[in-house]
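In what follows, a structure is listed as structure tokens, so that the remarks can point back to it.
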Number of protein chains: 4
Amino acid sequence: MSIQVTVWNENRWKESTKDMYQVYPRGIHGRLREIFEAAGYSVKVALLDDPEQGLSREVLEHTDVLVYWSHIAQHEVPDETAERIAERVNRGMGFIPLHSAHMSKPFVRLMGTTCTLRWRESDDEELMWTACAGHPITRGIPPCVRFAPEEMYGEYFDIPSPDETVFISWFTGGEVFRSGVCYRRGRGRIFYFQPGHETYPTYYIPEIERILVNAVAWAAQGDTEDETRVCRHTAAALETMPVCRDMRMPENEIGREV
Amino acid sequence: MSIQVTVWNENRWKESTKDMYQVYPRGIHGRLREIFEAAGYSVKVALLDDPEQGLSREVLEHTDVLVYWSHIAQHEVPDETAERIAERVNRGMGFIPLHSAHMSKPFVRLMGTTCTLRWRESDDEELMWTACAGHPITRGIPPCVRFAPEEMYGEYFDIPSPDETVFISWFTGGEVFRSGVCYRRGRGRIFYFQPGHETYPTYYIPEIERILVNAVAWAAQGDTEDETRVCRHTAAALETMPVCRDMRMPENEIGREV
Amino acid sequence: MSIQVTVWNENRWKESTKDMYQVYPRGIHGRLREIFEAAGYSVKVALLDDPEQGLSREVLEHTDVLVYWSHIAQHEVPDETAERIAERVNRGMGFIPLHSAHMSKPFVRLMGTTCTLRWRESDDEELMWTACAGHPITRGIPPCVRFAPEEMYGEYFDIPSPDETVFISWFTGGEVFRSGVCYRRGRGRIFYFQPGHETYPTYYIPEIERILVNAVAWAAQGDTEDETRVCRHTAAALETMPVCRDMRMPENEIGREV
Amino acid sequence: MSIQVTVWNENRWKESTKDMYQVYPRGIHGRLREIFEAAGYSVKVALLDDPEQGLSREVLEHTDVLVYWSHIAQHEVPDETAERIAERVNRGMGFIPLHSAHMSKPFVRLMGTTCTLRWRESDDEELMWTACAGHPITRGIPPCVRFAPEEMYGEYFDIPSPDETVFISWFTGGEVFRSGVCYRRGRGRIFYFQPGHETYPTYYIPEIERILVNAVAWAAQGDTEDETRVCRHTAAALETMPVCRDMRMPENEIGREV
């Protein structure tokens with residue numbers, strides 16, 4: 001069965017900049033849908049203005065990976081929705097916040113830090129270097145992915161120490177940034193990816209598309225657990241845990257048992 | 001100047017168990033105050049029933065390390081207070097949640113996971129092994145600290161992969177548990193420490209006291225930053241960052257500059 | 001194409017203990033071959049007494065994952081062979097040292113620590129707990145795998161902080177041990193797995209087999225690189241790196257370039 | 001007692017470049033000695049041409065932190081000396097390899113990877129950003145340390161995932177580099193620091209000096225252990241480990257014991 005991707009977009013844009021729809025006629029979400037359907041994934045699109053922001057419990061239960069783009073309406077996502085996403089990630093859903101979604105409620109909730117950074121919207125050039133050899137997300141990607149224009153994001157990026165730092169980027173103004181970072185929370189996998197300002201055609205770059213496709217495959221390995229985890233009062237494991245048996249033996253053990 | 005420790009205790013107890021005050025006549029907080037004052041730290045005690053739960057912005061600003069014990073009243077701590085603690089940790093305050101405080105709002109907020117575990121209150125015996133050589137928290141501690149009684153806490157402990165796993169414990173019923181784990185969030189340091197059930201005299205054991213004293217010294221190194229971190233729009237670093245100069249040189253550089 | 005596994009066994013045993021061949025009539029290597037062939041992998045067996053210890057450059061080039069069992073003949077493996085293995089791991093080969101192979105030259109070479117531990121050969125009982133949720137190596141494995149007999153391995157296990165601690169084990173004598181740990185070195189993946197003393201039928205336990213099969217699949221994702229990595233003198237990336245282009249555009253760029 | 005620093009320099013230079021002694025009249029080692037003595041450390045200088053390369057067992061036993069600069073004579077350090085250094089680090093000595101010492105035998109031995117990178121000697125400008133908030137090594141250091149000239153070092157830097165990535169640097173040619181990384185090996189602490197090409201006056205820059213002084217203080221916390229660690233056959237911990245006692249109690253325990 002193919003990977004079930006939900007692409008979420010707040011679908012707002014800043015009126016003082018070029019219209020996102022000139023670059024992405026079907027919205028960033030439309031472009032992401034094309035990318036993932038071409039990769040053979042099943043894609044559902046959800047928008048902020050949908051009922052329950054398009055991220056009801058039922059939608060999340062049937063999502064393997066949530067790809068999430070947000071920018072200026074972070075506050076319009078209710079705390080309950082952010083909590084629902086974070087809880088579903090802990091039970092195994094992959095989560096890929098893109099670009100300005102570093103300030104999204106669910107990402108901040110999962111990180112426990114402020115997730116702030118330095119930025120500059122100035123048609124910058126970016127060189128994105130692979131900093132982690134052999135990572136599945138970098139499969140088929142050259143050691144350096146160079147593209148323009150993009151929005152500068154710079155350190156200090158206030159995130160926890162990543163489980164894996166996959167990409168580090170260079171910008172013309174002297175800045176560096178950990179532009180691709182992996183985390184695990186419970187059974188779920190998170191990949192934050194910096195490229196993707198709404199008025200730049202970044203998501204038409206083949207290397208960027210490849211990274212997104214790789215990232216969904218990586219994040220989909222989370223192994224959903226049905227039950228919400230709770231503190232469990234248990235009897236002693238020695239009293240309850242079954243002994244795993246030598247497969248050749250009948251019920252009478254030859255090996256020593258306790 | 002000595003380390004400023006705030007010891008926080010919800011100061012509630014379960015009526016169906018032995019009275020905590022028989023074991024700790026001045027409360028767990030009173031015992032912790034004795035330990036830290038004997039170590040030369042300055043100690044302030046705060047309780048859940050104090051105004052603002054004893055953890056106002058002013059109190060937190062003057063706290064280097066918050067040692068936090070909670071059990072059955074996690075929900076009585078307002079979200080705003082938990083958020084205030086998490087924000088202060090990110091700006092440099094150390095945080096040491098003890099025992100059942102693994103389910104405290106501030107710890108869960110900083111971790112981004114459920115922090116659940118298996119448990120059994122049964123006068124167990126615990127062997128706590130050092131799993132990280134040369135860590136400051138283990139200074140002067142034997143390779144194995146063995147004590148009884150304690151409450152069993154067992155894996156799977158739903159926390160993020162620790163930056164450092166300092167202690168792993170053994171319990172008689174067949175369980176293991178990562179009983180001492182370190183994290184960094186922003187400028188702050190966190191050490192979760194499992195021993196400390198309210199009806200057991202764990203905090204009178206010298207080795208346990210030593211660990212607590214070491215942990216406060218470790219967590220106090222967070223380096224407070226005054227300003228809450230925000231996303232910064234910046235000009236190019238090349239335009240604004242000063243060049244660090246060879247100290248021998250006058251204002252005219254001999255070395256090559258860009 | 002199926003995963004190419006090379007199973008390596010020093011094929012020595014201690015004469016004062018029960019003959020390993022009573023438990024494993026075809027040797028531990030024969031049993032491991034059965035497990036991996038049943039999983040659909042291609043298996044080659046190599047032994048210490050083969051030419052070049054069965055681990056020539058050519059064999060390693062055609063190996064996706066090296067599963068390595070050694071105990072009393074660590075010193076009989078030449079430094080050059082250990083170096084060849086470590087170099088091949090860095091270029092993408094998976095490496096799974098089992099049980100007493102924690103003291104093998106290649107594992108010690110890849111870790112940079114002593115890899116020592118406490119041990120006791122006493123028909124112990126082991127409870128192996130999953131300490132990392134949702135990890136591919138734990139797919140289909142219960143939260144606790146309990147089996148006997150096994151040899152006790154206990155902390156302090158002198159290894160670097162693992163990238164992932166997958167299993168932590170309990171033994172009857174009060175010991176705990178990080179019994180399944182993952183590392184990355186260059187493009188390669190390493191999984192050290194403690195169970196597998198040569199006179200116990202551990203490798204006939206279905207849950208243990210499942211872990212070994214999962215581990216090979218995980219370790220095979222290393223992505224071999226053909227060239228040995230060297231320090232590279234390079235011209236400026238801005239002079240040599242191609243610009244990744246918007247796929248819709250002809251050679252004339254619409255987007256801004258540098 | 002002050003921290004005992006041993007500064008080691010291979011004391012060779014490439015004849016085709018400017019004489020290092022014009023920049024460092026007393027050698028890089030002489031300059032480093034000045035820095036550390038000004039900080040109140042005790043400093044011993046050792047050179048490659050000294051007996052046993054100046055790094056006998058006795059010298060290492062009395063060293064808290066080894067600061068190590070090497071470039072073109074890595075191969076002249078015998079394997080035994082490199083092994084002695086690595087073993088002493090595991091027993092608690094701090095180790096600070098500088099600049100081209102990323103290819104030194106002891107650093108490569110401790111890492112288990114190739115430690116290769118991209119480089120260009122071209123009077124580059126470097127902007128070194130702090131990527132880890134509140135780290136002791138960054139105490140008193142601005143968020144960005146900008147200086148020139150320096151030699152470009154660029155990713156992919158083939159090192160294991162650092163325990164902490166403290167600095168990430170920018171170079172004019174489009175490159176980035178993890179220029180300050182921390183590791184633990186056994187009881188010892190390692191800090192690799194990239195700045196310090198022999199013909200640039202980098203070690204006269206106050207911010208760079210401050211980092212070196214901070215790094216020695218951090219690396220000195222390793223807590224030397226006298227005995228070389230070996231695999232230990234042990235009786236059951238339950239039979240041998242003493243019970244840690246409630247300090248208020250006489251030899252007769254009130255609490256439950258096993």
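Worth knowing before you read on, the calculation uses all heavy atoms, side chains too, and leaves out hydrogens, waters and symmetry mates. All figures in this text were calculated on a predicted structure; none of them were measured in a lab.
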Residue among C/Glu207, C/Arg139, C/Glu164 with most heavy-atom pairs under 4.5 Å to chain A: C/Arg139
Which portion of C/Pro142 sits near chain A, non-hydrogen atoms under 4.5 angstrom: neither
Test log, rule side-chain contact (heavy atoms from CB on, under 4.5 Å), inputs A/Glu209 and C/Met247: CA-CA 10 Å; A/Glu209 295 177 43; C/Met247 66 190 291; 2.7 Å; yes
Chain A neighbours within residues 179-186 of chain C, where any heavy atom lies under 4.5 Å away: C/Arg184, C/Gly186
Atom pair SG/CD of C/Cys244 and A/Glu126 - distance to nearest 0.5 Å: 10.5 Å
Gap separating the CG atom of A/Leu127 from the CG atom of C/Leu238, nearest 0.5 angstrom: 5.5 Å
Side chain / backbone / both / neither for A/Ile205 at chain C, heavy atoms under 4.5 Å: both
Greatest number of heavy atom pairs closer than 4.5 Å to chain C - which of A/Gly92, A/Pro242, A/Gly222: A/Pro242
Closest approach of A/Val243 to C/Glu125 (non-hydrogen atoms, all atoms of both residues): CG2-OE2, 4.5 Å
For the student: nearest non-hydrogen atoms of A/Arg248 and C/Pro201, plus distance: NH2-CB, 3.6 Å
Flag, side chain of C/Arg146 to backbone of A/Met241, donor-acceptor distance under 3.5 Å: yes
